[in-house]
Amino acid sequence: MKLPSPSLAAVFALPLAALAVAAGCSAVESNAVSVSGEVLYEGQPLSNAALMFYPTEGRPVTAPIVEGAYSVELPPGEYRTTVTLGAELPPGWKEGDPLPPPTRELPPQYSSRLETPLSASVTAAAGESQTIDFTLP
């Protein structure tokens, strides 16, 4: 019996590998919960910022904050959460120009993974949604 040529084996191996990767990815996505909410600082919606969700195990997930609102897909679990402010770019700013100094600051504990008082507990079932709001004094 003659074995298939290496090129023919490669033709079958590539699609099988792609299917295995896709199956692994869909398993991760299938337990995701749609988490959204509002982020207020001193009573006002925070904008041009991002939340970083740090799980007890695995990689952190970032959620942009636009006009006080955010939305992200997270697996159920416990998260430490930080806030990072974006730079306010002046009119006429171009790629490569130096970033201007910050015009606003948050208390430093909100940007520290170790000191943040913010946390999130994602408890909704997979495929459901959950609202988690953050109010920074």
Side-chain angles (χ1 to χ4, degrees):
M1 179 166 132
K2 183 178 177 185
L3 294 175
S5 69
S7 61
L8 184 59
V11 168
F12 288 111
L14 188 58
L16 289 175
L19 284 174
V21 168
C25 290
S26 65
V28 171
E29 293 172 6
S30 68
N31 73 346
V33 174
S34 178
V35 178
S36 60
E38 185 175 56
V39 183
L40 300 177
Y41 176 57
E42 296 179 339
Q44 299 298 315
L46 194 58
S47 200
N48 192 19
L51 289 173
M52 183 74 78
F53 293 89
Y54 294 93
T56 53
E57 292 182 6
R59 294 183 174 185
V61 178
T62 303
I65 304 169
V66 179
E67 296 178 13
Y70 76 94
S71 180
V72 67
E73 299 284 322
L74 296 170
E78 299 297 319
Y79 297 84
R80 293 185 68 97
T81 309
T82 61
V83 180
T84 304
L85 295 177
E88 297 288 336
L89 302 177
W93 184 88
K94 300 183 297 291
E95 184 76 30
D97 288 351
L99 290 175
T103 57
R104 60 194 173 138
E105 288 186 18
L106 293 175
Q109 72 263 24
Y110 293 111
S111 62
S112 169
R113 180 180 179 182
L114 298 176
E115 297 177 22
T116 183
L118 304 175
S119 63
S121 181
V122 178
T123 58
E128 294 183 3
S129 61
Q130 182 175 344
T131 300
I132 301 175
D133 295 327
F134 295 96
T135 302
L136 289 67

Hey, can you pull the donor-acceptor pairs under 3.5 Å for the side chains in residues 56-68, sequence neighbours left out?
none

Using the side chain to side chain contact (heavy atoms under 4.5 Å, CB included) criterion, which residues pair with [X]? Sequence neighbours excluded.
X	answer
P117	Q109, Y110
S112	L114, E115
T116	R80, T82, L118

Let me confirm one number: the [atom1]-[atom2] distance from [X] to [Y], rounded to the nearest 0.5 Å.
X	Y	atom1	atom2	answer
E42	L106	CD	CG	8.5 Å
K94	L89	NZ	CG	12.5 Å
T84	N48	OG1	CG	11.5 Å
E38	L46	CD	CG	10.5 Å

Checking side-chain contact (heavy atoms from CB on, under 4.5 Å) between F53 and each of V122, I132, V72, which is the one that passes?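 Between F53 and the candidates, side-chain contact (heavy atoms from CB on, under 4.5 Å) is satisfied uniquely by V72.
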When hydrophobic residues are tied together by side-chain contacts of less than 4.5 Å, even through go-betweens, does Y79 share a cluster with Y54?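 Y79 and Y54: separate clusters.
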Checking E78 now: which residues fulfil side-chain hydrogen bond (donor to acceptor under 3.5 Å, both in side chains) with it, not counting sequence neighbours?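 With sequence neighbours excluded, E78 shows a side-chain hydrogen bond (donor to acceptor under 3.5 Å, both in side chains) to S121, given in chain and number order.
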Side chain to side chain donor-acceptor pair (under 3.5 Å): pairs with one or both residues in residues 122-134, sequence neighbours excluded: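 Found none.
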Please report the closest heavy-atom contact between [X] and [Y], naming both atoms and the distance.
X	Y	result
R113	P55	NH2-O, 4.0 Å
G92	D97	O-OD2, 4.2 Å
A120	F134	CB-CZ, 4.2 Å

